[in-house]
Q: 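Quick one: the structure is below, questions incoming.
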Amino acid sequence: MSTSIKKASKNNNRKRFSDDQIKSLETTFETEARPELRLKQHLANKLGLQPRQVAIWFQNKRARSKSKQMEREYSILKSNYDKLALQFEALRKENQTLLIQVQRLRKMADKIDGEQNDNKNHIKLATSENPRFLVDINSHELCIPNDISRKADFLEEEADVLNMVQLAEGSLASPENGCSFDSCTFLDNTSNSPQWWDF
DNA sequence: TTGTGTTTTATTGCCTCC
DNA sequence: GGAGGCAATAAAACACAA
């Protein structure tokens, strides 16, 4: 058989199924996506089609159904991904804000350290010049004012915070090291490093 | 009317199962 | 080895904007 004759025979046979035929096939597909030969033959007789046409219709229908299912699943996955990306971005910004606060606190702490050292120098100077000061120094009332004392307590608490921050700085992906949400952490399933959402 | 994109029907080739 | 399923593809039928 030549190609042209083959094409011609194809052209003559092709015909879209009627609405009723489609409806009946769809109904059957809902309960039985992979019908047995007997059911296909029964449907073919009922609808005036060749059994092969029915078989092919089910095959194509399964393919369409699978494709649509994949589209739905992709849509769900994409939606979840987008939500997570937004959450990540919010957390990243919050982290940056906290790091800036920590830097300010560090500066404050350094300043207070400097003031304390100055005070100690003043005390040394005062005791060497006037022995009467010794009594007052021992009482801690005169030379260490209340606000300085409170600052010392605060410094202990801050040291804990700083330790936590240093840990966080070490473990979190930061913009400086070139790591981004898209390329490094989220999509890298091969690395053994902790996932970003685990922090 | 026509060009173009989408949907539907059909074919082909390969694979798996019995 | 034959039957049936699936993926890839061809080609007809259809929808629709310009």
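Each chain gets a letter, A, B and so on, in the order its sequence line appears, and its residues count up from 1.
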Q: Within the modelled atom types, does a donor on one side and an acceptor on the other bring the side chain of A/Arg14 and the base of C/dA13 under 3.5 Å apart?
A: no

Q: Checking contacts here: which listed nucleotide (C/dC6, B/dT9, B/dT7) is nearest the side-chain heavy atoms of A/Arg16?
A: B/dT7

Q: Under 4.0 Å between any heavy atoms, over every strand shown, what does A/Arg64 touch: base, sugar-phosphate, or nothing? Just pick one.
A: base

Q: Want to settle it: does A/Lys40 or A/Asn60 sit nearer the 5' end of DNA chain C, counting the closest nucleotide to each?
A: A/Lys40

Q: Which part of the nucleic acid, if any, lies within contact of A/Leu49, taking any heavy atom under 4.0 Å across all strands shown: a base, the sugar-phosphate backbone alone, or nothing?
A: nothing

Q: Between B/dT9 and A/Gln53, is there an OP1 or OP2 to side-chain N/O distance shorter than 4.0 Å?
A: no

Q: Please work out which of the three classes, parallel, tilted or perpendicular, describes the rings of A/Phe29 and A/Phe58, given edges at 30° and 60°.
A: tilted

Q: Output the rounded distance in Å from CD (A/Gln59) to C1' (C/dA7).
A: 10 Å

Q: For C/dG5 and A/Arg34 - does any side-chain N or O of the residue sit under 4.0 Å from the phosphate oxygens OP1/OP2?
A: no

Q: Look at the side-chain N and O atoms of A/Trp57 and state whether any lies under 4.0 Å from the OP1 or OP2 oxygen of B/dT8.
A: no

Q: Using only side-chain N and O atoms of A/Lys15, determine if any of them is under 4.0 Å from OP1 or OP2 of C/dC14.
A: no

Q: Which is true for A/Lys61 with a 4.0 Å heavy-atom rule: it touches a base, it touches only sugar-phosphate, or it touches nothing?
A: nothing

Q: Which nucleotide sits closest to the side chain of A/Arg52: B/dA10, B/dT11, C/dC6?
A: B/dT11

Q: Identify, with sequence neighbours excluded, every residue that meets salt bridge (charged side-chain N to carboxylate O under 4.0 Å, His left out) alongside A/Asp20.
A: none

Q: Rounded to the nearest 0.5 Å, what separation is found between the NZ atom of A/Lys66 and the CD atom of A/Glu71?
A: 13.5 Å

Q: Starting from the 5' end of DNA chain C, give me the residue, A/Lys66 or A/Leu37, whose nearest nucleotide shows up first.
A: A/Leu37

Q: Within the side chain of A/Gln53, is there an N or O that forms a donor-acceptor pair under 3.5 Å with the backbone of A/Gln50?
A: yes

